[in-house]
Amino acid sequence: MRVSQLFGATLRAAPSDELFSHQLLLRAGYLQQLAAGIFSLLPLGVRSQERIRRILREELDAIGGQEVSMPVVQPADLWQRSGRWQQVDETLVRFQDRRGREMVVAMTHEEVVADLAASQVTSYRDLPRIVYQIQTKFRDEPRPRAGLIRTREFWMKDSYSLDRDPEGLRAAYRKHFHAYFRIAARSGLPVAAVLSDVGMMGGKVAHEFMYLSDQGEDTLLLCPRCGYAANQEVAERLEPPPEDSPELPLQEVATPGCTTVAEVAAALQVELSRVAKTVGYVAEMERGEDGRVVLAVVPGDREVNLARLRQATGAVDLRVATAEELAEVGAVAGYMSPRGLERAAVTVVADSSLRRRRNLVAGANREGWHLRNFNLVRDGRVDQELALGAAVGGDPCPSCGGPLDLRRGIEYGNIFQLGTRYSEALGAVYTDEEGRQRPVVMGSYGIGLGRLLACVAEEHHDERGLALPISIAPFQVALVQVGSDPEVVEAARGLYRDLERAGVETLYDDRDVSAGIKFADSDLRGMPLRVTVSPRTLQREAVELKRRLGEARDVPLAGAAGAVQEELGALWSELDLYVGERMAGVEELAARTFGPAG
RNA sequence: CGGGGCGUGGCCCAGUGGUAGGGUGCCUGCUUUGGGAGCAGGAGAUCGGCGGUUCGAGUCCGCCCGCCCCGACCA
């Protein structure tokens with residue numbers, strides 16, 4: 001490709017409030033934004049995405065995946081039958097076709113896969129199968145942000161496993177676990193697998209693959225000692241030992257104006273962790289339908305883990321209750337506790353560590369008053385207990401007791417063990433060896449292509465621009481012709497021809513502009529290898545080779561194409577080496593996570 | 001949806017009630033060619049939209065739309 005012909009110019013400036021790596025993608029001419037969370041890919045972006053697709057196809061094919069293509073627009077009926085029509089909020093785009101039939105724009109394809117399986121899979125002989133597709137999804141996200149990290153329309157590789165039983169599902173899940181590490185490694189991206197919430201997918205077990213980055217929107221807890229890794233939404237922690245001090249008599253104390261745990265703790269001279277913090281929510285059991293009031297009680301130094309509270313209450317959503325709603329159940333905002341409540345109208349969920357702690361401070365459910373020597377079981381009321389307080393850095397690891405690290409991460413992919421939710425709802429059943437009808441056991445696995453590119457850009461750039469791995473870069477070589485002396489032009493064209501003929505994807509800067517512009521553009525676009533032909537190099541009968549992040553060196557003009565290919569070969573070998581290193585630990589990790597291979 | 005910010009040539013921005021500007025990019029010519037060169041000339045704007053105040057609105061007021069950032073949500 002000649003730069004003079006390329007659609008998509010480089011920009012000198014981009015909006016400064018964007019993520020830096022995203023500014024680079026914009027400035028380098030990979031993409032252009034059309035609306036909030038909606039982007040066009042320019043040729044460079046398409047070519048990079050094409051490289052990603054190739055990796056995805058190879059790795060999915062390698063675990064037995066078969067590519068399919070499923071419709072984006074689907075009848076609502078499918079979603080009504082699976083229950084997600086009712087469960088998912090406006091993130092799911094709905095509309096009526098001209099006949100007034102309810103339709104959805106798919107945000108993911110479990111329903112359609114189950115529907116396909118319902119007719120394509122009839123016997124145990126038709127299982128197991130893995131199908132996948134690479135296509136766009138639309139989710140009307142409440143807040144698109146951070147460039148390609150969180151968009152509304154996005155390309156996704158989604159695969160689905162169909163199995164006879166949970167053992168089969170676990171095997172398919174494990175294959176994906178492995179493939180997802182390989183895909184990331186081949187993209188030059190270090191990722192960690194963390195336990196995660198199943199969210200709207202349903203099912204039990206799920207992992208997210210996280211690129212660790214301070215820019216990340218997810219909070220993770222990692223154990224450096226034993227490898228435990230979990231999203232904060234599901235992270236556990238070792239329970240503290242029970243306190244054995246005697247329970248003292250309950251005592252009301254005046255705390256006028258102290259409506260936050262911090263103020264109460266300060267006023268009563270106790271540590272935050274010794275305040276039982278009570279937060280009121282209204283559980284929505286169906287979309288937009290208010291259910292009961294839920295009071296969450298956690299140690300004062302912790303946030304409520306909403307994902308877990310949602311799971312425990314079976315709510316599709318939780319919103320913070322208003323003071324009026326709280327008053328109806330006998331709770332006083334700012335002075336709340338699980339004491340003296342209208343019993344039937346409210347559910348109390350408490351952090352399981354609280355029952356072990358003695359003589360805490362809690363609200364008195366009376367304006368301006370708190371309680372000392374509050375003992376949850378004796379003085380309050382609990383309907384459910386679970387690890388409701390979110391884990392934080394320094395908490396003891398649930399598996400080895402060592403201190404957990406708190407890190408931020410960007411989710412590049414996820415895997416879910418769905419089970420039979422969709423197959424049962426949509427009639428995906430098969431006949432087993434004994435002639436019994438059984439539901440297909442499903443798994444669901446996603447990778448966001450744009451997000452992957454964004455993570456790669458975030459991992460591989462410097463002040464001047466992108467510095468993409470050879471596996472992801474739109475072109476392997478940036479050929480820069482300096483000046484327009486006939487000899488230079490002739491040499492550059494010749495080399496371009498040789499490279500193209502050899503199958504080396506080359507971006508040839510043939511423009512009649514100053515060398516500075518060409519070098520700056522070349523650095524910005526981030527191809528892994530730059531080749532310069534100039535009067536200066538020709539004087540030495542040479543061209544110059546420079547890795548994007550390396551030093552320049554001369555190679556003889558004669559046979560330059562060969563030298564370029566050799567250097568590219570070296571880059572690929574180094575990437576292979578990197579993949580090998582990254583994958584070395586994965587087998588062991590898989591064994592630890594899923595048990596011995598089998 | 002709550003909070004904050006912004007909307008002015010393609011891009012990045014200044015403009016403080018009184019003639020719409022700068023940088024960059026673009027076009028033409030000359031000159032230049034190893035790190036975003038120089039000179040000269042030129043094109044390009046219903047100042048996000050609608051309404052209001054005013055002799056006069058990019059500027060003040062109201063409503064709406066859009067985008068960005070922080071939170072509740074997720075590939």
Side-chain angles (χ1 to χ4, degrees), chain A residues 9-19 22-23 26-27 29 32-38 88-92 107-109 134-159 180 196-201 206 208-211 216-218 231 233 281 303-304 306-307 310 316-320 410-416 444-455 464-465 480-485 488-489 509 511-524 530 532-537 539 544 546 552:
Chain A
T10 55
L11 300 175
R12 207 174 278 224
S16 53
D17 50 2
E18 295 278 7
L19 188 65
H22 183 63
Q23 289 181 41
L26 292 171
R27 286 178 48 209
Q32 182 176 317
Q33 180 164 1
L34 178 64
I38 299 180
V88 180
D89 63 10
E90 300 78 20
T91 304
L92 175 65
M107 48 200 291
T108 174
H109 281 71
I134 300 172
Q135 50 114 272
T136 51
K137 302 268 185 281
F138 192 89
R139 297 183 186 175
D140 198 359
E141 292 287 343
R143 181 153 104 79
R145 63 169 148 169
L148 291 184
I149 300 296
R150 165 148 250 89
T151 58
R152 294 192 292 171
E153 180 175 305
F154 57 99
W155 284 86
M156 179 166 139
K157 184 289 300 172
D158 45 328
S159 45
Y180 274 34
S196 71
D197 184 39
V198 296
M200 63 162 183
M201 291 294 184
E208 289 164 340
F209 288 77
M210 292 285 182
Y211 165 57
E217 51 184 11
D218 285 280
N231 194 305
E233 295 174 344
Y281 298 93
E303 298 295 312
V304 174
L306 282 174
R310 198 177 303 121
V316 295
D317 202 9
L318 290 166
R319 61 172 177 82
V320 174
I410 301 171
E411 183 182 357
Y412 111 94
N414 60 21
I415 56 179
F416 296 93
S444 164
Y445 317 85
I447 288 179
L449 277 74
R451 192 178 274 193
L452 176 55
L453 178 60
C455 289
R464 293 175 183 277
V480 175
Q481 160 196 312
V482 175
S484 41
D485 292 359
V488 170
V489 172
D509 199 338
R511 293 174 300 171
D512 186 23
V513 297
S514 75
I517 291 176
K518 293 187 178 190
F519 289 137
D521 279 352
S522 167
D523 287 345
L524 182 56
R530 189 180 81 193
T532 307
V533 181
S534 72
R536 198 191 285 178
T537 66
Q539 245 174 18
E544 181 192 273
K546 180 180 176 301

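No hydrogens, no waters, no symmetry mates; every other heavy atom, side chains included, goes into these values. The structure displayed is predicted, hence computed values, not measured ones. So you know, we letter chains A, B, ... as the sequences are listed, proteins then strands, and number each from 1.
- If you take atom P in B:G42 and the same atom in B:G23, they sit 15 Å apart, rounded to whole Å.
- Each of A:Ala146 and A:Ile447 has a nearest nucleotide on RNA chain B; the 5'-most of these lies closest to A:Ala146.
- B:C73 and B:G35 have their C1' atoms separated by 45 Å, given to the nearest Å.
- Just one residue in the list A:Gln33, A:Arg139, A:Glu153, A:Arg152 forms a side-chain contact (heavy atoms from CB on, under 4.5 Å) with A:Pro144, and that residue is A:Arg152.
- Of the two residues near RNA chain B, A:Ala36 and A:Ala13, the one whose nearest nucleotide lies more 5' is A:Ala13.
- In this structure, the CG atom of A:Leu19 is 9 Å from the P atom of B:C69, given to the nearest Å.
- Atom P of B:G10 sits at a distance of 33 Å from the matching atom of B:G3, rounded to the whole Å.
- When every heavy atom of A:Arg143 is checked against every heavy atom of A:Arg150, the shortest pair comes out as O-CD, 3.4 Å.
- Comparing the P positions of B:U19 and B:A57 gives an interatomic distance of 12 Å, to the nearest angstrom.
- In the displayed structure, A:Glu217 atom CD is contacted under 6.0 Å by more than 12 heavy atoms of other residues, nucleotides or ligands.
- To the nearest whole angstrom, the two C1' atoms, one in B:G44 and one in B:C1, are 41 Å apart.
- When both distances must be under 3.5 Å, the Watson-Crick or G-U wobble mate of B:C30 is B:G38.
- Residue A:Gly446 is out of contact with every strand shown, counting any heavy-atom pair closer than 4.0 Å.
- Of the candidate nucleotides B:A75, B:C67, B:C70, B:C67 has the atom lying nearest to any side-chain atom of A:Ala35.
- In a base pair of the Watson-Crick type (N1 to N3 plus N6-O4 or O6-N4) or a G-U wobble (N1-O2 and O6-N3), with each distance short of 3.5 Å, B:G2 is matched with B:C70.
- Note: CD1 (A:Ile149) to P (B:C70) measures 12 Å, nearest angstrom.
- Across the protein-nucleic acid pair, A:Arg145 atom CZ and B:G71 atom P stand 6 Å apart, rounded to whole Å.
- For B:G7, the paired nucleotide is B:C65, the pair qualifying as Watson-Crick or G-U wobble because both relevant distances are below 3.5 Å.
- Here B:G2 presents its P atom at 14 Å from CZ of A:Arg143, a figure rounded to the nearest Å.
- Residue A:Leu306 is classed as a sugar-phosphate contact, given heavy-atom separations below 4.0 Å to backbone atoms only.
- For the pair A:Arg150 CZ and B:C68 P, the interatomic distance rounds to 13 Å; values are reported in whole Å.
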Check the pair A:Arg536 / A:Val482 against side-chain contact (heavy atoms from CB on, under 4.5 Å), numbers first and verdict last.
CA-CA 9 Å; A:Arg536 198 191 285 178; A:Val482 175; over 6 Å; no

Checking A:Arg451 against A:Leu148 for the side-chain contact (heavy atoms from CB on, under 4.5 Å) test, could you report, in this order, the C-alpha distance in whole Å, the side-chain angles of both residues, the deciding distance, and whether it holds?
CA-CA 5 Å; A:Arg451 192 178 274 193; A:Leu148 291 184; 5.9 Å; no

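- In this structure, B:C60 forms a base pair with B:G52, meeting either the Watson-Crick or the G-U wobble geometry with both donor-acceptor distances under 3.5 Å.
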Contact letters for nucleotides 30-39 of chain B, in which S counts primed atoms plus P, OP1 and OP2 and B counts the base, heavy atoms under 4.0 Å
---BBBBS--

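- Under the Watson-Crick or G-U wobble criterion, with both distances below 3.5 Å, B:U16 has no partner in any strand shown.
- Base-pair partner of B:A45: not found among the strands shown (Watson-Crick or G-U wobble, both distances under 3.5 Å).
- Atom OG of residue A:Ser196 and atom CD1 of residue A:Ile415 lie 8.5 Å apart, to the nearest 0.5 angstrom.
- In the displayed structure, A:Glu303 atom CD is contacted under 6.0 Å by at most 12 heavy atoms of other residues, nucleotides or ligands.
- Between the P atoms of B:C74 and B:G36, the separation comes to 48 Å (whole Å).
- Relative orientation of the A:Tyr412 and A:Tyr180 rings is tilted, given thresholds of 30° and 60° on the angle between their planes.
- In this structure, CG in A:Asn231 is found 11.0 Å from CG in A:Asn414, a value given to the nearest 0.5 Å.
- Note: CZ (A:Phe209) to P (B:A75) measures 13 Å, nearest angstrom.
- For A:Asn231 and B:C73, the CG to C1' distance is 13 Å, given to the nearest whole Å.
- Rounded to an integer number of Å, the gap from CD1 of A:Ile38 to P of B:C68 is 10 Å.
- Checking the phosphate oxygens (OP1, OP2) of B:C68, a side-chain nitrogen or oxygen of A:Gln33 falls inside 4.0 Å.
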